[in-house]
Amino acid sequence: MTRMAVIDFETTGISPEQGARATEVAIVLVEQGRIVDRYQSLMNAGVRIPPFITQLTGISNAMVAGAPPAALVMREASHFVGEVPLVAHNASFDRKFWVGEMARAGEPAPQAFACTLLLARRLYPQAPNHKLGTLVDLHGLRRTGAAHRALADAEMAAELLLRMQHDLRQRYRLTTVDHPLLVTLQRCQRHEVHRLMAAHAQAA
DNA sequence: TGCCAGGCCCTCTTTAGGGCCTT
């Protein structure tokens, strides 16, 4: 079983500690090399969206005013994810909002996170940069919607994750690339990637 | 009104500084 849940939040700012809240969440389930399910919802956290965020994401105060309460959306998201491990691009960002919004909703958030940004820095050091859009274009992956909307960004991150799994399977002749292996890989130093993966392939 | 983060990672480093990445 190599099921993973790729998540993306749109928010009112960078830092929950500074009062930023989520405005939209999307979660894409991937399994056996493909996307198998999706969840997406705007959410109303009762805070104003700064104008430049509306310009960036297209998500307005009016849109969020008509959305379900944040706690309800997060309970649905919790049910959708279950115990499946999570993946995000720059996961330290999405993890803060996942944990913070789940706490507000009274839900546990025990899931481990893997990070496609940290993985991309190790697997594709030649990339011009490691922004999600750049990596998607670099690999000729699908863009399914407007960037900076949660579902489109989650699907792009999912396509990138699938590409990384494919590349690792090919390079090291592996049958599966699971979440614990990705977490181990993202924590190792760049110059140790090959040695670590070769040792893993040997043991597999 | 004005201000605001933090972990990773490189290097002209390690008694530090600054760019990257997310909204």
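Naming convention: chains lettered A, B, ... in sequence-line order (proteins, then strands); numbering from 1 in each chain.
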Side chain proximity check, A:V81 to A:Y39, heavy atoms < 4.5 angstrom
no
Quote, to the nearest angstrom, the C1' distance that separates B:dG6 from B:dT23.
14 Å
Could you give the CD-to-C1' distance, from A:Q186 to B:dG7, as a whole number of Å?
12 Å
B:dG18 and B:dT1: how far apart are their C1' atoms, nearest whole angstrom?
29 Å
Verdict with supporting geometry, A:T144 and A:E155, side-chain hydrogen bond (donor to acceptor under 3.5 Å, both in side chains):
CA-CA 7 Å; A:T144 55; A:E155 288 187 336; 2.2 Å; yes
What does A:R190 touch in the nucleic acid at a heavy-atom separation under 4.0 angstrom: a base, only the sugar-phosphate, or nothing?
sugar-phosphate
Nearest nucleotide by nearest heavy atom, which residue falls closer to the 5' end of DNA chain B, A:C188 or A:H148?
A:C188
Give the nucleotide from the list B:dA5, B:dC21, B:dG6 with an atom nearest to the side chain of A:N129.
B:dC21
Which nucleotide wins on minimum distance to the side chain of A:T11, given the candidates B:dC21, B:dT23, B:dA5?
B:dT23
Carefully, step by step, assess A:E10 and A:D153 under the rule side chain to side chain contact (heavy atoms under 4.5 Å, CB included).
CA-CA 10 Å; A:E10 302 306 319; A:D153 283 3; 3.7 Å; yes
Spacing between A:D153 atom CG and B:dT22 atom P, to the nearest angstrom
9 Å
For a quick check of understanding: with a heavy-atom distance under 4.0 Å over all strands, which category does A:D8 fall into, base, sugar-phosphate or nothing?
sugar-phosphate
What nucleic acid atoms does A:I53 come within less than 4.0 Å of, heavy atoms only: base, sugar-phosphate, or nothing?
base
Answer with base, sugar-phosphate or nothing: what part of the nucleic acid does A:T23 contact at a heavy-atom distance below 4.0 Å?
nothing
Rounded to whole angstroms, how far apart are CG on A:L86 and C1' on B:dT22?
16 Å
Rounded to whole Å, the CD-P distance (A:Q189 to B:dG7) equals 18 Å
B:dT22 P sits how many Å from A:L118 CG, rounded?
12 Å
A:H130 vs B:dC21: side-chain N/O to OP1/OP2 distance below 4.0 Å:
yes
B:dC12 to B:dG17 separation - C1' atoms, rounded to the nearest Å:
11 Å
Can you tell me how far P in B:dG7 sits from the matching atom in B:dC3, rounded to whole Å?
24 Å
If I take atom CZ in residue A:F52 and atom C1' in nucleotide B:dT23, what distance separates them, rounded to the nearest angstrom?
7 Å
Within this structure, what is the CG-NE2 distance for the pair A:L135 and A:H89, rounded to the nearest 0.5 Å?
5.5 Å
Distance check needed: B:dC10 C1' versus A:R121 CZ, whole Å only.
10 Å
Separation of B:dT23 atom P from A:R149 atom CZ, nearest Å, is 13 Å
Upstream residue (5' side of DNA chain B) when A:T57 and A:I14 are each assigned their closest nucleotide
A:I14
For side chain to side chain contact (heavy atoms under 4.5 Å, CB included), just list the numbers for A:I59 and A:R149, CA-CA rounded to whole Å, side-chain angles, deciding distance to a tenth of an Å, and then say yes or no.
CA-CA 8 Å; A:I59 297 172; A:R149 286 300 298 267; 3.7 Å; yes
Nearest to the side chain of A:H89, which nucleotide is it out of B:dC4, B:dT23, B:dC21?
B:dC21
Could you check whether A:E17 gets within reach of a base, just the sugar-phosphate, or nothing at all, counting any heavy atom under 4.0 Å?
nothing
Applying a 4.0 Å non-hydrogen cut-off, can you work out what A:F9 is touching in the nucleic acid: base, sugar-phosphate, or nothing?
sugar-phosphate
Which nucleotide wins on minimum distance to the side chain of A:L117, given the candidates B:dC21, B:dC9, B:dA5?
B:dC21
How would you label the contact of A:R122 with the nucleic acid (heavy atoms, under 4.0 Å): base, sugar-phosphate, or nothing?
sugar-phosphate
The test is salt bridge (Lys or Arg N to Asp or Glu O under 4.0 Å); show your working for A:E101 and A:R21 and say whether it passes.
CA-CA 8 Å; A:E101 295 291 349; A:R21 296 291 306 273; 2.8 Å; yes
